[in-house]
Amino acid sequence: MQQEHQKYITDLGQWQRSHSCGELTLANDGQEICLMGWVQYRRDHGGLIFVDLRDRMGLTQVVFSPDAAPKAHENAHILRSEYVLAIKGKVRPRPEGMINPNMITGQIEVVATEWKLLNTSKTPPFAIEDRCDAGENLRLAWRYLDLRRPRMQANLRLRHKVAQSVRHYLDNADFVEVETPILTKSTPEGARDFLVPSRLNSGEFYALPQSPQIFKQLLMVAGMDRYFQIVRCFRDEDLRADRQPEFTQVDIEMSFADEETVMGMAEGLMARVFKDVMGIDIALPFPRMPWDEAMARYGVDKPDTRFGLELVNITEIVRGSGFKLFATAPLVKGMKVPGGEGMTRKEIDAFTEFVKIYGAQGLAWIKIKADEWQSPIAKFLSDEERKGIAEALDLKVGDIVFFQAGEPGMVNAALGNLRVHLAHQLHIIPEDSFNFLWVTDFPLFEYNDEEKRYVACHHPFTAPATGHMDLMTTDPARARARAYDMVLNGSEVGGGSIRIHSGEVQRRMFEALGFTPEQAESQFGFLIQALEQGAPPHGGLAFGLDRLIMLLSGASSIRDVIAFPKTQKATCLMTDAPSPVAAKQLRELGLRLREQPGDKPKTGKPGEEAKTE
RNA sequence: GGAGCGGUAGUUAAGACGGUUAUAACGCCGGCCUGUCACGCCGGAGGCCGAGGGUUCAAGUCCCUUCCGCUCCGCCA
């Protein structure tokens with residue numbers, strides 16, 4: 001069909017667009033205007049033909065009338081979804097009772113006097129509208145069509161506005177945007193690197209940056225004083241709804257700065273962004289919470305403080321309990337759900353399944369009834385233990401309490417995540433509230449079972465807390481870091497630290513991480529050397545731009561705020577990347593594959609005929 | 001590396017215990033229609049039930065393998 005219609009296609013010629021499709025109102029009554037856009041809907045009444053013309057700004061109803069403009073009406077019946085049009089016409093008020101209150105332009109319509117078909121379109125594989133519920137694989141394979149939808153357009157515009165706001169704020173504060181290399185050096189710490197083979201240095205590889213961390217520190221040594229960059233970062237790890245292999249950071253570093261300097265700057269930045277983009281005034285300064293407290297009260301290092309359901313440590317209360325699991329566990333915690341006594345067995349079973357994800361064996365619970373504690377475990381608890389638990393959790397009739405006992409990591413993960421899960425199910429999270437929180441005083445190290453050594457919690461350039469220098473080697477588990485995370489509604493949106501600016505301290509850090517002096521030298525010698533050339537004290541942080549946009553837009557997936565994202569298997573359904581390369585390319589790089597890639601089934605679209613006509 | 005959910009016309013979905021021609025809505029095509037706005041009415045086309053193998057007289061349905069998408073655990077300094 002669209003093929004027959006191609007004979008109607010004409011050039012733009014001298015036509016100039018005068019307005020967008022989202023702005024005409026009664027104020028434009030009588031004006032001769034020119035719109036360009038895509039056919040959203042066509043309503044052909046045989047006589048009158050209505051076309052809703054769409055561009056990124058909105059929709060405008062265009063009327064092809066056999067009475068008012070017979071010439072324009074003549075061929076208008078060929079118009080189909082997503083055809084590209086230029087319309088010249090006259091703005092007029094809609095007749096009495098025909099106003100569409102759902103459209104910004106609903107008071108008026110444009111009577112087409114002349115039009116040009118700029119292009120036809122095959123029938124799109126899914127409707128270009130927000131209520132469209134096409135599967136995500138289809139959307140990703142036809143991403144440019146998906147991006148025509150108003151919601152996706154809005155997300156990308158929001159992203160742009162945030163980036164602009166960030167640039168304005170930081171520019172005003174004398175920050176300089178500096179670009180750092182994309183082809184850089186692989187470092188063994190941290191996430192898996194994406195590697196790029198070097199043709200000129202056969203057998204050697206660049207790595208794509210996991211973050212510009214070292215470069216921004218070197219810029220501080222260079223006297224740049226205040227740096228930022230909105231920068232792509234790469235990590236070759238498994239994907240999630242909020243994780244992509246390439247993502248964007250707002251990366252910031254400041255010289256002669258301590259925690260107060262950096263956090264104050266970051267709060268101001270958020271306030272500016274929220275004001276510019278959302279029109280919201282957020283309260284400054286943000287509350288702060290030491291990491292220990294976050295773990296104790298919320299079980300996670302990024303607490304959502306929009307609701308209660310806090311965890312309570314009852315380990316000591318049940319130390320000698322007849323319930324052996326409680327008596328012997330290194331950590332026992334309870335979480336009270338006020339008024340949750342009416343939960344069904346089925347619901348509780350579902351929560352039990354939920355916590356098993358985090359390694360829990362089960363989920364103990366007690367319902368506080370008027371005359372008794374209804375629970376599989378109540379019979380094991382002494383009166384004294386009941387009293388202690390009731391006081392610790394401030395129990396009232398009608399409550400339910402969930403318990404978890406075991407290794408601290410598991411207990412906190414299970415209850416901490418159950419807490420958020422429950423809050424969603426119970427709909428107790430206030431909509432439209434933005435709760436910021438700084439989490440501070442992170443551990444400097446955490447033990448890695450796989451590598452049988454301590455690894456940096458944040459990264460190995462993070463300064464130890466004042467007075468914790470010796471702990472780095474004597475008692476690494478107790479050492480705290482000068483690190484801070486910015487948390488928004490239970491998501492980590494930013495994180496940073498005061499860095500080590502002494503070569504000597506940096507050497508001790510690598511030593512604490514189990515590096516030999518030779519390893520430290522070969523991998524990070526250039527950094528240590530730089531720190532010995534008059535490095536100023538410095539620190540900074542980085543925001544995850546994608547996650548921030550996700551929160552601001554209310555999107556449920558990071559993919560909805562990235563123009564061309566990857567699937568969970570890190571492929572691009574539109575370009576079919578990654579893909580095998582020619583033998584010649586491999587030869588030039590000095591590479592040989594251990595296994596030949598199997599022929600991947602193609603997904604069927606660009607290049608294939610749509611079968612619908 | 002692991003757990004779970006899904007894959008049926010172009011799209012979104014329904015298809016009890018295996019059983020006749022595999023449904024519906026939207027979309028598409030044709031016809032009618034001068035005030036619709038997710039227009040309406042009438043008619044029509046459209047399917048290797050993700051792919052491969054098996055069980056069976058008989059498989060969309062049961063079994064095995066595999067591919068793809070999504071969610072999560074591990075992982076993500």
Side-chain angles (χ1 to χ4, degrees), chain A residues 1-2 40-52 59-68 73 80-81 94-103 105-106 109 122-127 129-142 187-193 210-211 213 233-245 247 353-354 356-359 413-414 417 421 442 444-446 448-451 454-462 481 483 492 495 497 509 513 544 556-557 559 567-569 571 573 598-605 610-613:
Chain A
M1 177 56 61
Q2 57 99 20
Q40 179 71 47
Y41 304 112
R42 172 199 51 143
R43 296 177 292 278
D44 188 342
H45 288 237
L48 280 179
I49 297 172
F50 298 95
V51 163
D52 291 340
L59 288 174
T60 298
Q61 174 167 285
V62 179
V63 189
F64 298 85
S65 162
D67 305 326
H73 178 265
R80 296 291 185 278
S81 286
R94 295 195 184 185
E96 196 65 29
M98 301 298 163
I99 286 168
N100 185 338
N102 300 318
M103 292 170 81
T105 61
E109 62 191 8
K122 290 182 178 173
T123 304
F126 51 83
E129 52 191 15
D130 281 341
R131 66 174 160 273
C132 161
D133 52 358
E136 188 145 13
N137 50 348
L138 250 202
R139 291 176 52 203
L140 290 175
W142 300 84
T187 55
E189 290 287 290
R192 209 174 274 119
D193 285 321
Q210 298 176 26
S211 97
Q213 181 61 35
C233 301
F234 306 86
R235 292 178 191 173
D236 189 5
E237 297 292 346
D238 287 358
L239 289 78
R240 288 285 192 285
D242 62 352
R243 262 163 40 188
Q244 284 273 304
F247 60 99
E353 285 309 304
F354 178 84
K356 283 182 180 173
I357 295 171
Y358 302 95
N417 286 292
H421 182 70
F442 275 78
L444 190 57
F445 303 107
E446 60 192 347
N448 185 306
D449 285 330
E450 207 172 305
E451 298 187 39
Y454 282 95
V455 298
C457 235
H458 187 52
H459 56 52
F461 319 112
T462 300
E492 179 196 332
S497 62
M509 169 58 80
L513 290 170
S556 55
S557 159
R559 296 181 298 277
T567 67
Q568 195 169 51
K569 278 192 69 193
T571 65
L573 293 180
D599 276 351
K600 293 194 298 179
K602 297 289 172 180
T603 27
K605 312 127 289 33
K611 293 189 242 165
T612 46
E613 305 197 356

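Keep in mind that what you see is a predicted model, and the values were worked out from it rather than measured. Protein chains get the first letters and strands the later ones, always in sequence-line order, with residue 1 at the start of each. Atom set for the values below is all heavy atoms of this structure, side chains included, hydrogens, waters and symmetry mates excluded.
- Between the side chain of A/N137 and the base of B/G7, no donor-acceptor pair of N or O atoms lies under 3.5 Å.
- Along RNA chain B, the nucleotide nearest A/P125 and the nucleotide nearest A/D52 are compared for position; the residue whose nucleotide lies closer to the 5' end is A/P125.
- Nucleotide B/A3 forms a Watson-Crick or G-U wobble pair with B/U71, both donor-acceptor distances falling under 3.5 Å.
- Of the candidates B/A38, B/C76, B/U71, the closest approach to any side-chain atom of A/A241 belongs to B/U71.
- A syn base is found at B/A16: its glycosidic angle is within 90° of 0.
- A/I99 and A/R94 make their closest contact through CA-CD, 4.3 Å (heavy atoms, listed as atom of the first residue, atom of the second, distance).
- If you check every strand for non-hydrogen atoms under 4.0 Å, A/D238 touches a base.
- Nucleotides B/G10 and B/C5 place their C1' atoms 25 Å apart, quoted to the nearest Å.
- Here the nucleotide nearest the side chain of A/E109, chosen from B/G35, B/G69, B/U71, is B/G35.
- Computed from coordinates, the A/Q568 CD to B/C76 C1' distance equals 14 Å when rounded to whole Å.
- The residue A/C457 sits close only to the backbone: its heavy atoms come under 4.0 Å of sugar-phosphate atoms, none of a base.
- Whole-Å rounding puts the A/E129 CD to B/G27 P distance at 9 Å.
- Going from the C1' atom of B/U21 to that of B/G46 covers 15 Å, rounded to whole Å.
- Taking atom P in both B/C29 and B/A22, one finds a spacing of 26 Å when rounded to whole Å.
- Between the side chain of A/H73 and the backbone N or O of A/G47, at least one donor-acceptor pair lies under 3.5 Å.
- Spacing between B/C49 and B/C68 at atom C1', rounded to whole Å, works out to 16 Å.
- Under the Watson-Crick or G-U wobble criterion, with both distances below 3.5 Å, B/A24 is paired with B/U12.
- Scanning all heavy atoms of the two residues, the minimum distance from A/S81 to A/P124 falls at CB-CD, 4.3 Å.
- For the P atoms, the distance linking B/A9 with B/C48 amounts to 8 Å, nearest Å.
- Between A/L513 and A/Y454 the shortest heavy-atom distance is CD2-O, 3.5 Å.
- For the pair A/D193 and A/Q210, the tightest heavy-atom approach, listed with the atom from each and the gap, is OD1-NE2, 2.6 Å.
- Of the listed nucleotides (B/U11, B/U36, B/G69), B/U11 has the atom at the smallest distance from the side chain of A/A134.
- Residue contacts for A/D44: at a heavy-atom cut-off of 4.0 Å it reaches a base atom on one of the strands shown.
- Where A/D67 and A/Q213 each meet RNA chain B at their nearest nucleotide, the meeting point lying more 5' is that of A/D67.
- The side chain of A/S556 contributes no N or O atom lying less than 4.0 Å from OP1 or OP2 of B/U71.
- Looking at the side chain of A/I357, the nearest of the listed nucleotides B/U12, B/G35, B/C73 is B/C73.
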Is there a side chain to side chain contact (heavy atoms under 4.5 Å, CB included) between A/S211 and A/R235? Walk through the geometry before answering.
CA-CA 9 Å; A/S211 97; A/R235 292 178 191 173; 4.2 Å; yes
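- Between the CZ atom of A/R139 and the C1' atom of B/C68 there is a distance of 17 Å, given to the nearest Å.
- Taking 4.0 angstrom as the limit, A/R43 places a side-chain polar atom (N or O) nearer than this to OP1 or OP2 of B/C39.
- The side chain of A/T123 places no N or O atom within less than 4.0 Å of a non-bridging phosphate oxygen (OP1 or OP2) of B/G27.
- Between B/U61 and B/U56, the two P atoms lie 16 Å apart (nearest whole Å).
- Put simply, CZ on A/R42 is 13 Å from C1' on B/C33, counting in whole angstrom units.
- Note on A/K569: a side-chain N or O is less than 4.0 Å away from OP1 or OP2 of B/C68.
- Between the side chain of A/N100 and the base of B/U36 there is no donor-acceptor pair of N/O atoms closer than 3.5 Å.
- Atom CG in A/L59 sits about 18 Å away from atom P in B/U36, given to the nearest Å.
- Across all strands shown, B/U36 has no partner, as no Watson-Crick or G-U wobble contact with both distances under 3.5 Å is found.
- Heavy atoms of A/P124 sit nowhere under 4.0 angstrom from any nucleic acid atom.
- Judged by centroid separation below 5.5 Å and plane tilt below 30°, A/F50 stacks onto the base of B/U36.
- Taking atom C1' in both B/U65 and B/A25, one finds a spacing of 35 Å when rounded to whole Å.
- With a glycosidic angle more than 90° from 0, B/C64 adopts the anti conformation.
- A/S211 comes within 4.0 angstrom of a base, heavy atoms only.
- Using a 4.0 Å cut-off, some side-chain N or O of A/R559 falls inside it from OP1 or OP2 of B/U71.
- The heavy-atom pair separating A/T462 from A/L444 by the smallest distance is O-CD1, 3.8 Å.
- Residue A/L239 contributes atom CG, which lies 16 Å from atom P of B/G74 at whole-angstrom precision.
- Spacing of C1' atoms, B/A51 relative to B/A14, comes out at 23 Å, to the nearest Å.
- Across all strands shown, A/Y358 has heavy atoms under 4.0 Å from sugar-phosphate atoms exclusively, and none from any base.
- A straight line from OH of A/Y41 to C1' of B/C28 spans 16 Å, rounded to a whole angstrom.
- A donor-acceptor contact under 3.5 angstrom links the side-chain atoms of A/R243 to the base of B/C75.
- At the phosphate of B/C73, OP1 or OP2 sits under 4.0 Å from a side-chain N or O atom of A/R240.
- Checked by atom type, the side-chain pair A/R559/A/Q568 shows no donor-acceptor distance below 3.5 Å.
- Among the nucleotides B/C76, B/C73, B/U71, the one closest to the side chain of A/S557 is B/U71.
- Put simply, A/H45 does not rest on the base of B/U36: the two rings are not both less than 5.5 Å apart at their centres and under 30° in tilt.
- For the pair A/R94 CZ and B/C39 P, the computed distance is 12 Å after rounding to whole Å.
- Among the nucleotides B/C75, B/C73, B/G69, the one closest to the side chain of A/E136 is B/G69.
- The minimum heavy-atom distance linking A/Y41 with A/R43 is given by the pair CB-NH1, 3.8 Å.
- B/G52 is paired with B/C64 under the Watson-Crick or G-U wobble criterion, all donor-acceptor distances under 3.5 Å.
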